[in-house]
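See structure below.
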Amino acid sequence: MSPLKSRPSDLFSQPAPLWLRSGIYGLLALTCILFDHHYHRLEKVHQILRIWTLPLQELARVPLWTEQEIGRHLTTMERLQAENDALRHELLGQAALVQQATLLDRDLTRLRALRQLGSSPQFAGQVCRIIGSARNPFVQKVLLEGGASQGIRTGSPVLTDQGLMGQITRVYPDESEVTLISNRNLTIPVEIERTGLRTLAMGTGHQGELSLPYVPSETDVRVGDHLLTSGIDGLYPRGLTVATLTSVTRHPSSAFVEITARVNAGTDTYPDVLVMTSDTSFQNLPALDNLPHSPIHKKP
């Protein structure tokens, strides 16, 4: 066997330690910096390296730019959402104000009509506000703000700007009870405006509904005819609007026509009413001269 040949140790054939390499590279970098600072010999190298590394610099900025854009977008969305919510709340408030203004304008228009009606000597009265209604819907009664201390008396007709609504049936010191004409216990002498036919209208107990049970079947009566107070009872002045006919049914086996009417003055749309307080109920009665019986006198 041939003896093993030994190789002489070579310093550069072995990998240098990390600290040595770091020191050499650091010294080389420091030398380049000092050389460039004093002699400005590496300016072209800077430009070339900047051109080569520019894409890498821009690529490195992408995460930061993305984060900034997302943050800006989220901030804008939050601000717009807050502004949208504020505008929505403001719009709702304005809508409520508009609705209240519309309601007040409507009430004011009706109140003016009532006051204009009450200024007439024939319909002199006092404007009162509805403050309550009966809990039982079949009773057909409401409560007014105004009673005996305001000059309201039992039996006084109650009107709206659309016609007759009811009659005062009970008076308290500062409140009054009104029985609506749709009450089943209330009967009103009426006449059909188109033909002048006089008959009786009775409440059905249903909200805003009347019936005419005593109209003969051969009578000329139609849907849409208007009913007015005839004034023959001495309580309601003649010519007040009462209701409009909504149904006319003739049965061959009946001598009377089945008629229903809708009251024009509803309590669900009129917060203010006119209570007649003057003694003018008999002004529109026909003359009773040359009659065999004694003239009618108003009850005290």
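The shown structure was predicted, so the numbers you read here are calculated from the model rather than taken from an experiment.
- Here R153 contributes atom CZ and I168 contributes atom CD1; the two are 11.5 Å apart, rounded to the nearest 0.5 Å.
- Atom-to-atom distance recorded for M77:CE and T75:OG1 is 11.0 Å, nearest 0.5 angstrom.
- L200 and L240 fall into different hydrophobic clusters, where Ile, Leu, Val, Met, Phe, Trp and Tyr side chains are chained together by heavy-atom contacts under 4.5 Å.
- With a 4.5 Å cut-off on side-chain heavy atoms, V257 and S217 count as touching.
- Atom CZ of R250 sits in a crowded spot, with more than 12 heavy atoms from other residues, nucleotides or ligands closer than 6.0 Å.
- Sparse packing is recorded around CZ of R170, with 12 or fewer heavy atoms of other residues, nucleotides or ligands lying under 6.0 Å away.
- Counting non-hydrogen atoms of other residues, nucleotides and ligands closer than 6.0 Å to NE2 of H251 gives a total above 12.
- Taking both residues in full, the closest heavy atoms of V178 and T169 are given as C-OG1, 4.4 Å, listed atom of the first, atom of the second, then distance.
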From CA spacing to verdict: side-chain contact (heavy atoms from CB on, under 4.5 Å), I192, V221: CA-CA 8 Å; I192 299 177; V221 59; 3.9 Å; yes
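- Under the side-chain contact (heavy atoms from CB on, under 4.5 Å) rule, I181 has a single partner from L210, T187, V158, which is L210.
- Taking the side chain as every heavy atom from C-beta outward, S211 and M202 approach each other to under 4.5 Å.
- Cluster membership check: V215 shares its hydrophobic cluster with V223, using side-chain heavy-atom separations under 4.5 Å among Ile, Leu, Val, Met, Phe, Trp and Tyr.
- Side-chain contact between N264 and V242: absent, with no pair of heavy atoms (C-beta onward) separated by less than 4.5 Å.
- Within the 4.5 Å cutoff, the side chain of R194 has no heavy atoms near those of the H226 side chain.
- Comment: E177 engages K141 in a salt bridge, judged by a side-chain N to carboxylate O separation of less than 4.0 angstrom.
- Within the model, atoms CZ of R198 and OG1 of T229 stand 10.5 Å from one another, a figure rounded to the nearest 0.5 Å.
- Looking at L80 and N84, their side chains never come closer than 4.5 Å, going by heavy atoms from C-beta outward.
- Within the 4.5 Å cutoff, side-chain heavy atoms of L180 are placed close to those of M165.
- The two residues G147 and V171 make their nearest non-hydrogen contact at C-CG1, 3.9 Å.
- Contact between D174 and S149 at its shortest, heavy atoms only, is OD1-OG, 2.8 Å.
- Atom OH of Y214 has 12 or fewer neighbouring heavy atoms from other residues, nucleotides or ligands inside a 6.0 Å radius.
- Cluster membership check: L197 shares its hydrophobic cluster with I188, using side-chain heavy-atom separations under 4.5 Å among Ile, Leu, Val, Met, Phe, Trp and Tyr.
- Of all heavy-atom pairs between D220 and R222, the closest is OD1-NE, 3.6 Å.
- Considering all non-hydrogen atoms of both residues, E209 and V263 come closest at N-CG2, 4.2 Å.
- Q150 is not listed as a side-chain neighbour of C128, based on a closest heavy-atom distance of 4.5 Å or more.
- Note that CG of L144 and CD1 of I152 are 6.5 Å apart. Values are rounded to the nearest 0.5 Å.
- Within the 3.5 Å criterion, the main-chain N or O of G146 finds a donor-acceptor partner in the side chain of S176.
- Around atom CD of E83, more than 12 heavy atoms belonging to other residues, nucleotides or ligands sit under 6.0 Å away.
- Summarising the geometry of Q207 relative to Q140, their closest heavy-atom pair is OE1-OE1, 3.3 Å, with the distance given to 0.1 Å.
- One hydrophobic cluster, built from ILVMFWY side chains closer than 4.5 Å, cannot hold both L164 and L228; they sit in different ones.
- For the atom pair CD (E67) and CD (E69), the distance works out to 11.5 Å, reported to the nearest 0.5 Å.
- Between L227 and L245 the shortest side-chain heavy-atom distance falls below 4.5 Å.
- The distance from the CZ atom of R238 to the OG atom of S230 is 8.0 Å, given to the nearest 0.5 Å.
- Residues L159 and L235 share a hydrophobic cluster, clusters being chains of Ile/Leu/Val/Met/Phe/Trp/Tyr side chains in contact below 4.5 Å.
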